[in-house]
Amino acid sequence: GYIQACRGLMISAVCLGFFGAVFGLVGMKCTKVGGSDQTKAKIACLAGLIFILSGLCSMTSCSLYANRITSEFFDPSFVAQKYELGAALFIGWAGASLCIIGGSIFCFSIAENSNSPRRGYAYNGATSVMSSRTKVHNSVPDKTPPKHFDKNAYV
């Protein structure tokens with residue numbers, strides 16, 4: 001029975017992770033799908049919550065299985081084949097932890113960006129500065145006035 005519960009939790013974790021990824025892609029600011037920035041922030045926060053739920057399902061499944069293995073291993077009256085904790089459980093715990101951490105970062109990053117206004121940076125124009133290499137190779141001083149270039153001169 002506990003193996004069926006672990007399978008069900010893992011399948012639900014994979015399905016939730018898929019839907020979290022889809023909502024995460026829709027909720028990103030760089031995509032055109034999803035509407036305004038406030039709507040995208042809500043969708044991205046939903047994706048973070050789904051990722052957290054997926055990680056919790058996976059963590060619960062791995063922990064339930066590990067508890068059963070540990071209790072059977074240390075039970076002296078258990079005579080069947082005894083198993084030890086393997087690499088798959090540790091990978092499952094690590095993946096679940098990353099999913100929970102990633103979902104919480106997703107939620108907090110969207111909440112932080114929605115409160116602070118976006119500032120635009122003005123272009124101040126290019127400044128004409130001679131490099132040290134140019135100064136070394138040009139030992140003869142140039143008496144012409146400096147040239148002022150506009151922003152398209154360097155493209």
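Heavy-atom basis, side chains included; hydrogens, waters and symmetry copies ignored.
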Enclosure of Phe90 CZ (heavy-atom neighbours >12, cutoff 6.0 Å)
yes
One should read off an interatomic distance between Cys107 SG and Leu49 CG, to the nearest 0.5 angstrom, of 4.0 Å
dist Ser36:OG -> Lys42:NZ (nearest 0.5 Å) comes out at 8.0 Å
Exercise for review: Determine whether Tyr65 and Met59 fall in the same hydrophobic cluster, where Ile, Leu, Val, Met, Phe, Trp and Tyr are linked whenever their side-chain heavy atoms lie under 4.5 Å apart.
Suggested key: yes
Cluster check Ile69, Tyr2: I/L/V/M/F/W/Y, side chain < 4.5 angstrom: yes
Output for pair (Phe23 CZ, Leu46 CG), nearest 0.5 Å, gives 5.5 Å
When rounded to the nearest 0.5 Å, the distance separating CG of Leu16 from CD1 of Ile52 is 12.0 Å
Is the shortest side-chain heavy-atom distance between Arg7 and Ser61 below 4.5 Å?
no
Linking I/L/V/M/F/W/Y whenever their side-chain heavy atoms sit closer than 4.5 Å, directly or via other members, would Ile50 and Val33 fall into one cluster?
yes
- Query: Looking at side-chain heavy atoms only, is the closest gap between Met10 and Cys57 below 4.5 Å?
  - Reply: no
What one should report as the nearest heavy-atom pair of Phe51 and Ala21 is CZ-N, 3.4 Å
If hydrophobic clusters are built from ILVMFWY residues whose side chains come within less than 4.5 Å, do Ile43 and Leu53 share one? yes
d(Cys62 SG, Asn67 CG) to nearest 0.5 Å is 12.5 Å
**Message:** I want to check something: taking the side chain as every heavy atom from C-beta on, are Thr70 and Leu85 in contact at a cut-off of under 4.5 Å?
**Reply:** yes
Problem set entry | Flag side-chain contact, heavy atom, 4.5 Å: Trp93 against Ser63 | yes
task: May I ask you to decide if Ser54's main-chain N or O and Ser58's side chain share a donor-acceptor pair within less than 3.5 Å?
output: no
query: Do Ile3 and Arg68 have side-chain heavy atoms sitting under 4.5 Å apart?
result: no
When rounded to the nearest 0.5 Å, the distance separating CD1 of Ile105 from CD1 of Ile100 is 12.0 Å
Closest non-hydrogen contact found for Lys40 with Met28 is NZ-O, 3.0 Å
